[in-house]
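The chains referred to below are lettered A, B, ... by the order of the sequence lines, with proteins before strands, and numbering in each begins at 1.
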There are 2 protein chains.
Amino acid sequence: MLSKKTKYGLKALAYLAKVKDREPVQIAEIAKCENISQKFLESILLTLRRNGLLGSKKGKGGGYYLIKEPHEIHMTTVMRVLEGPIAMVPCVSLNFYEKCDDCPDEEECSVHKLMLQVRDSALDVYRNNTLADLL
Amino acid sequence: MLSKKTKYGLKALAYLAKVKDREPVQIAEIAKCENISQKFLESILLTLRRNGLLGSKKGKGGGYYLIKEPHEIHMTTVMRVLEGPIAMVPCVSLNFYEKCDDCPDEEECSVHKLMLQVRDSALDVYRNNTLADLL
DNA sequence: TCGATAATCTACCAAAACTATGGGATAAAA
DNA sequence: TTTTATCCCATAGTTTTGGTAGATTATCGA
């Protein structure tokens with residue numbers, strides 16, 4: 001299941017992508033328009049900023065804004081930042097690889113075989129979608 | 001992330017698929033060979049049986065066995081039984097559809113658009129894999 | 001320089017989900 | 001009737017999720 005964090009984060013990014021001239025938008029505005037708990041959204045936008053997807057401006061007239069153009073923001077990046085690994089098991093993860101402690105032989109593992117395919121197909125979707133494609 | 005339940009369930013099914021003549025195999029044997037907590041595996045096999053994927057036999061010489069041939073068991077079925085919906089959001093689920101309470105218009109939702117593609121690609125993998133393909 | 005505004009940061013909390021474990025009931029075979 | 005092994009219910013421990021509260025810091029306009 002997709003976490004609310006990712007869902008809200010995606011919606012917020014899409015919202016910001018529609019804003020003209022990359023003007024800063026306040027958390028409160030996004031939260032209201034997208035029906036998201038403001039405090040929760042606050043923490044989500046913060047992690048998006050920390051990961052280089054958003055810029056922010058404090059004080060009056062401040063808010064969050066996209067740093068790059070929507071077509072430059074790939075879903076692989078967004079998903080990894082918000083949801084974590086794209087793979088469903090660590091042993092098939094490109095960026096977060098980890099060996100299973102129960103598997104003696106990875107090559108023989110039936111789960112491994114299946115999940116490799118699932119990862120590749122998901123990756124294919126995320127690589128072929130930018131933020132611009134979602135609008 | 002794939003739950004341990006699904007992971008163990010898949011491993012157990014694969015184990016049973018290798019058994020000749022569909023002889024009953026005891027929980028203890030599967031648990032030992034696949035490094036799974038026996039009690040946990042017990043409950044997993046039970047749900048697989050309740051969902052028509054396994055048969056069981058009590059008493060001496062008893063155990064669990066496949067009801068169908070491995071090539072007849074599709075991953076779509078297995079995943080839905082063990083992991084639940086294949087879709088990452090209820091609003092794009094074929095078997096467990098549910099409207100998002102925050103989305104005013106499903107057609108306009110950026111998350112919806114993306115997750116439809118992810119669902120379709122995952123479904124494609126699961127439909128093209130049977131238990132036999134994992135061995 | 002002051003006050004209003006709005007992001008930032010830290011900490012915390014409750015509920016749900018996940019990963020088991022325990023103990024007894026039930027059924028089949030020897 | 002004893003042994004074997006599944007069936008079933010209850011529950012405990014941990015992690016994740018979703019959300020709150022409140023103090024702090026930076027910026028702008030007057």
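When all heavy atoms of B:A17 and B:L66 are compared, the closest pair comes out as CA-CD1, 3.6 Å. When all heavy atoms are compared, the tightest approach of B:R80 to B:F96 is CD-CE1, 4.4 Å.
Across the protein-nucleic acid pair, A:I44 atom CD1 and D:dT20 atom C1' stand 14 Å apart, rounded to whole Å. If you measure from atom CG of A:L46 to atom P of C:dA6, you get 17 Å, rounded to the nearest angstrom. Rounded to an integer number of Å, the gap from CE of B:M1 to P of C:dT19 is 11 Å. The separation between A:Q38 atom CD and C:dA6 atom P is 10 Å, rounded to whole Å. Across the protein-nucleic acid pair, A:L41 atom CG and D:dT20 atom C1' stand 15 Å apart, rounded to whole Å. Taking atom OH of residue A:Y65 and atom P of nucleotide C:dA6, one finds them 16 Å apart after rounding to whole Å.
Side-chain contact check for A:L48 versus A:L45: some heavy-atom pair is nearer than 4.5 Å. Taking the side chain as every heavy atom from C-beta outward, B:I67 and B:I73 never approach each other to under 4.5 Å. Looking at heavy atoms from C-beta onward, A:L94 lies in side-chain contact with A:R119 at the 4.5 angstrom threshold.
Checked against B:I27 for a side chain to side chain contact (heavy atoms under 4.5 Å, CB included), the options B:K39, B:K32, B:E42 give a single hit: B:E42. Put simply, the residue from A:V125, A:L131, A:I86, A:N128 that forms a side chain to side chain contact (heavy atoms under 4.5 Å, CB included) with A:M75 is A:L131.
Separating the CE atom in B:M115 from the CG atom in A:L134 is a distance of 9.0 Å, to the nearest 0.5 Å. Residue B:I36 holds its CD1 atom at 13.5 Å from NZ of B:K5, rounded to the nearest 0.5 Å.
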Set out, in order, the CA-CA distance, both residues' side-chain angles and the distance that settles side-chain contact (heavy atoms from CB on, under 4.5 Å) for B:E72 and B:T130, then state yes or no. CA-CA 7 Å; B:E72 294 175 310; B:T130 68; over 6 Å; no

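In this structure A:S3 satisfies the side chain to side chain donor-acceptor pair (under 3.5 Å) test together with A:T6, A:E83, sequence neighbours excluded.
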Using a cut-off of 4.0 Å between protein heavy atoms and nucleotide atoms, how would you tag nucleotides 21-30 of chain D 5' to 3' with B, S and -? BB--BBBS--

Determine, for nucleotides 10-15 of chain D in 5'-to-3' order, which nucleotides have protein heavy atoms under 4.0 Å from the base (write B), from only the sugar-phosphate (write S), or from neither (write -). ------

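Dashed line: the shortest gap from a side-chain N or O of B:S37 to OP1 or OP2 of C:dT19 is not under 4.0 Å.
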Which donor-acceptor pairs under 3.5 Å do side chains of residues 101-110 of chain A form with protein atoms, sequence neighbours excluded?
{"unit_1": "A:D102", "atom_1": "OD1", "unit_2": "B:K7", "atom_2": "NZ", "d": "3.0"}
{"unit_1": "A:D102", "atom_1": "OD2", "unit_2": "B:K11", "atom_2": "NZ", "d": "2.9"}
{"unit_1": "A:D105", "atom_1": "OD1", "unit_2": "A:E107", "atom_2": "N", "d": "3.1"}
{"unit_1": "A:E106", "atom_1": "OE1", "unit_2": "A:Y97", "atom_2": "OH", "d": "3.4"}
{"unit_1": "A:E106", "atom_1": "OE2", "unit_2": "A:Y97", "atom_2": "OH", "d": "2.8"}

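Residues of residues 7-31 of chain B having a heavy atom closer than 4.0 Å to DNA chain D, listed by number: B:Q26, B:I27. Looking at residues 48-56 of chain A, you'll see A:R49, A:R50, A:S56 sit with a heavy atom under 4.0 Å from some atom of DNA chain C.
Annotation for B:K68: atom NZ does not count as buried by contact number, only 12 or fewer foreign heavy atoms lying within 6.0 Å.
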